[in-house]
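Shown next, in structure tokens, is the structure this report addresses.
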Amino acid sequence: MDREKAVKAVRDFLAACGEDTEREGLKDTPARVADMFAELLSGNGQRAEEHLSKSFSVQSGDMVIEKDITFSSTCEHHLMPFFGRMAIAYIPQGRVAGLSKLARTVEVFAKRLQLQEQLTSQVAQAVYSCLGARGAFVVCEAEHTCMTCRGVKKYGSKTVTFATAGDFPEEMAAKVLALIK
């Protein structure tokens with residue numbers, strides 16, 4: 001991120017809103033907002049492979065589920081946060097990831113300007129391809145502040161998305177959904 005440009009853009013935006021950017025409460029706001037967005041978008045330039053390449057050999061091909069992986073992301077339509085939890089299920093073919101690596105993979109994609117549907121699909125595809133899994137199934141449930149704080153203002157409403165990659169049998173997906181509730 002070009003911090004200097006970001007600081008100037010925030011200052012210009014505040015001025016466009018009619019604010020006095022030199023008043024005490026706003027004087028340092030442009031720098032704080034630039035730093036905040038640098039953190040929120042820290043997944044740019046990162047790759048899931050960096051985390052998922054640290055895997056372990058296994059003999060079993062039994063399903064692995066990591067659930068309740070919390071995340072926050074930024075909606076690319078309104079630049080507002082959305083947050084929730086994700087469950088990742090996959091069927092290994094000789095390799096499993098360290099459990100923290102699945103959570104780190106979620107962060108790689110969540111820390112970008114994002115759509116929930118795209119985030120869900122990116123995680124499924126990364127787990128499938130990086131681990132050489134037989135199949136992956138990802139469930140994501142999130143609350144979008146662009147729906148709760150503005151527009152229709154439907155507080156507490158959640159969006160659920162699913163994505164599969166590879167060969168993930170329908171009956172196993174049903175088991176995952178039952179287990180993660």
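Contact between Met147 and Ser157 at its shortest, heavy atoms only, is CE-OG, 3.5 Å. Smallest separation of non-hydrogen atoms from Ala126 and Leu52: O-CD1, 3.6 Å.
Cys130 contributes atom SG, which lies 11.5 Å from atom NZ of Lys54 (distance to the nearest 0.5 angstrom). From Leu131, atom CG reaches atom OH of Tyr90 across 5.5 Å, with rounding to the nearest 0.5 Å. Expressed to the nearest 0.5 Å, how far CD1 of Ile69 lies from CE of Met86 amounts to 7.5 Å. Between the CG atom in Leu115 and the NE2 atom in His77 there is a gap of 4.5 Å [rounded to 0.5 Å].
The other residues sharing a hydrophobic cluster with Val176 are Met63, Ile65, Ile91, Phe137, Val139, Val160, Phe162, Phe168, Met172, Leu177, Leu179, Ile180, where clustering joins ILVMFWY side chains under 4.5 Å apart.
Looking at Glu19 and Arg23, a side-chain N of the basic residue comes within less than 4.0 Å of a carboxylate O on the acidic one, giving a salt bridge.
Residues meeting the ring-ring contact (aromatic ring centres under 6.0 Å, His included) test with His51, sequence neighbours left out: none.
Side-chain atoms of Gln116 come within 3.5 Å of backbone atoms of Cys140 as a donor-acceptor pair (strictly under, hydrogens ignored). Side chain of Ser73 to backbone of Ala110: a donor-acceptor contact under 3.5 angstrom is found. Side-chain atoms of Ser121 never come within 3.5 Å of backbone atoms of Ala163 as a donor-acceptor pair (strictly under, hydrogens ignored).
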*asked:* Checking Thr159 against His144 for the side chain to side chain contact (heavy atoms under 4.5 Å, CB included) test, could you report, in this order, the C-alpha distance in whole Å, the side-chain angles of both residues, the deciding distance, and whether it holds?
replied: CA-CA 8 Å; Thr159 302; His144 294 252; 3.9 Å; yes
_Checking Lys158 against Glu141 for the salt bridge (charged side-chain N to carboxylate O under 4.0 Å, His left out) test, could you report, in this order, the C-alpha distance in whole Å, the side-chain angles of both residues, the deciding distance, and whether it holds?_
CA-CA 6 Å; Lys158 294 190 173 62; Glu141 178 180 48; 5.7 Å; no
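In summary, of the residues considered (Arg112, Glu117, Gln118), a side-chain hydrogen bond (donor to acceptor under 3.5 Å, both in side chains) with Gln114 occurs for Gln118 alone.
Side-chain atoms of Lys111 and Ser72 form a donor-acceptor pair, as typed in the model, at a separation below 3.5 Å.
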